[in-house]
Every structure is written in structure tokens, then in C-alpha cells.
Amino acid sequence: MTSRREHDEGLSVTASSDTDLVFTRTFAASRRLVFDAFTRPELRKRWYGARGWQLVVCDIDLRPGGAWRFVSRGPDGAELGHGGVYREVDPPGRLVQTEIYDGWDASEALVTTVFDERDGRTVMTTTVRYPSRDVRDSVLRTPMERGAGEAYDRLAELLSETISKGERR
């Protein structure tokens, strides 16, 4: 069964199979700029996380076999960490990595992100494959959708600011 939830922010989250969630969002920027915002720590720190959360650790070893690690801190001081290993890095079009959250008993997820540029706009499609339907459903019960939507809103704002300053890269 496929379910779909739309957000005013433009994020679409679809349960596309028993184990997969697909996140889709369009940004008014080139895929190079969007890819950079995902892979350069100094940019990622400026947008990643729900409003009120800050990325306090952002380690990215951007190569196949390279590890990544993020720790976010919330307004009440709570911290949430997760990380994984890059399996594919194909700038500026595709990233594939594993992901596991600290304290989760579940196995890691496989995350594939594709950046497709059309007429100066980039469609980001992220597919997260969980080890089971139960794990996927437990993720859907968290505030993940709200947090992801807010993070991508922050990214859209950062991209707009970057483009207006002429940092088109």
C-alpha cells in the first residue's frame, strides 16, 4: 500500500513499499548548489534539522567507504546523533549511504539521494530503505516528517540567500 503526505513546504513523503520511504522536494537552485549544501559541512550546519535544532557535529568524509557523523542539539539541550558510511558519491547527481541513529536497536537504513536539475530547479528524491516494515512504521510514528520538512525549508532559505549573494558555484 502506498501512502502519501504533502506539506505546504513542498516536501512529499511517500511509503513506496513495505520498507521504503521516499522524500521529494524541489529547490530553486542548481543541483551543484544543492549537492554542495548536502556535502559541505560549513553549509550543512546552516540548514540541517528542525527549527530550534542545531547541527553541532558535522563530519563528512565524502568518498565511497568514507564515514559521516552528525549530532544535533535541540532547544532543551537534548542531543540526537546518527551516522553511516558513503557507498556511492557521484557529484552532483547522486549520494548513497548507510544511516543508523544512536540508541536504535534496528539495523541501519540505506539512503539514496538523487539530484535532478530541470530548468534551473533541482528535484531532490531521497529513498530510505529500512530493514523491515516495522522499522519503517516506527520511523513514521516519530516527528521525522515535521523535522525533515522544516530542515528542507531552512535549506531552501539558505539556497535563496546564496543565490542572491551571487554564490552560484
Side-chain angles (χ1 to χ4, degrees), residues 1-25 27 34-90 94-115 124-158:
M1 181 177 163
T2 300
S3 67
R4 183 180 172 115
R5 300 178 190 184
E6 295 282 352
H7 296 268
D8 292 338
E9 299 86 13
L11 175 65
S12 168
V13 179
T14 305
S16 63
S17 76
D18 284 349
T19 58
D20 293 5
L21 291 179
V22 178
F23 298 75
T24 306
R25 170 76 193 244
F27 297 99
V34 178
F35 185 89
D36 286 351
F38 270 74
T39 59
R40 291 177 43 201
E42 70 275 14
L43 295 175
R44 187 88 185 216
K45 284 181 172 183
R46 292 173 57 191
W47 68 267
Y48 188 79
R51 296 201 188 274
W53 286 75
Q54 292 299 313
L55 197 54
V56 295
V57 173
C58 183
D59 297 327
I60 296 175
D61 183 3
L62 190 63
R63 63 183 174 82
W68 64 275
R69 172 109 179 114
F70 300 156
V71 177
S72 297
R73 184 173 299 134
D76 60 357
E79 290 192 349
L80 177 64
H82 62 295
V85 175
Y86 290 103
R87 292 204 177 156
E88 292 179 43
V89 177
D90 184 13
R94 180 177 165 94
L95 290 171
V96 180
Q97 69 220 42
T98 61
E99 176 181 69
I100 190 162
Y101 281 81
D102 296 358
W104 273 47
D105 294 332
S107 300
E108 65 190 8
L110 182 64
V111 181
T112 302
T113 303
V114 175
F115 305 94
M124 175 215 70
T125 304
T126 299
T127 303
V128 183
R129 175 161 292 152
Y130 297 98
S132 70
R133 181 183 195 137
D134 288 342
V135 173
R136 184 209 64 189
D137 290 349
S138 70
V139 169
L140 283 170
R141 288 189 293 271
T142 71
M144 167 277 307
E145 279 190 70
R146 179 188 55 81
E150 290 177 3
Y152 293 137
D153 287 348
R154 291 174 65 188
L155 173 55
E157 292 164 8
L158 171 65

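- Side chain to side chain, T126 and T113 meet the donor-acceptor criterion of an N or O pair below 3.5 Å.
- Counting heavy atoms from C-beta outward, R136 and L21 have side chains that approach closer than 4.5 Å.
- Within the model, atoms CZ of F115 and OG1 of T125 stand 9.5 Å from one another, a figure rounded to the nearest 0.5 Å.
- Taking both residues in full, the closest heavy atoms of G147 and A50 are given as CA-CB, 3.7 Å, listed atom of the first, atom of the second, then distance.
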Inset, instruction - Carefully, step by step, assess R51 and D153 under the rule side-chain contact (heavy atoms from CB on, under 4.5 Å). - result: CA-CA 9 Å; R51 296 201 188 274; D153 287 348; 3.6 Å; yes
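- Judged as a side-chain contact (heavy atoms from CB on, under 4.5 Å), and not counting sequence neighbours, the contacts of A148 are L11, F23, Y152.
- For the pair T98 (side chain) and V85 (backbone), a donor-acceptor distance under 3.5 Å is present.
- When atom types are taken as modelled, the side chain of R46 and the backbone of P41 share no donor-acceptor pair closer than 3.5 angstrom.
- E88 contributes atom CD, which lies 7.0 Å from atom OG1 of T112 (distance to the nearest 0.5 angstrom).
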Atom pairs and distances, donor-acceptor, side-chain atoms in residues 54-61, under 3.5 Å, two or more places apart:
| residue | atom | partner | partner atom | Å |
| --- | --- | --- | --- | --- |
| D61 | OD1 | R63 | NE | 3.1 |
| D61 | OD2 | R63 | NE | 3.1 |
| D61 | OD2 | R63 | NH2 | 3.0 |

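- Within the 4.5 Å cutoff, side-chain heavy atoms of R44 are placed close to those of F70.
- Using the six-membered ring where Trp is involved, W47 and F38 have ring planes that are tilted, between 30° and 60° apart.
- Atom OH of residue Y101 and atom OG1 of residue T142 lie 8.0 Å apart, to the nearest 0.5 angstrom.
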Inset, instruction - With side-chain contact (heavy atoms from CB on, under 4.5 Å) as the test, would you mind laying out the steps for D36 and L43 before giving the verdict? - result: CA-CA 7 Å; D36 286 351; L43 295 175; 4.1 Å; yes
Inset, instruction - Would you please test V96 and Y86 for side-chain contact (heavy atoms from CB on, under 4.5 Å) and show each step? - result: CA-CA 6 Å; V96 180; Y86 290 103; over 6 Å; no
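- In this structure, P75 and G52 approach most closely via the heavy-atom pair CD-O, 3.2 Å.
- Annotation: the span from W53 atom CH2 to R73 atom CZ amounts to 10.0 Å, rounded to 0.5 Å.
- Distance check, rounded to the nearest 0.5 Å: CD of E150 to CD of E145 gives 12.0 Å.
- V22 has its side chain out of reach of V13: every pair of non-hydrogen atoms, C-beta onward, lies at least 4.5 Å apart.
- The local environment of CZ in R154 is crowded, with over 12 non-hydrogen atoms from other residues, nucleotides or ligands closer than 6.0 Å.
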Inset, instruction - Could you give me the CA-CA distance, side-chain angles and deciding distance for Y130 and D137, then say whether side-chain contact (heavy atoms from CB on, under 4.5 Å) is met? - result: CA-CA 9 Å; Y130 297 98; D137 290 349; over 6 Å; no
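- Considering OG of S72 and CD of E79, their distance stands at 9.0 Å, rounded to 0.5 Å.
- Put simply, the side chain of T14 never gets that close to the backbone of S16: no donor and acceptor are under 3.5 Å apart.
- When all heavy atoms of G81 and R69 are compared, the pair lying nearest together is C-NH1, 3.8 Å.
- Looking at heavy atoms from C-beta onward, H82 lies in side-chain contact with W68 at the 4.5 angstrom threshold.
- Salt bridge absent: D18 and R129 never bring a charged side-chain N and a carboxylate O closer than 4.0 Å.
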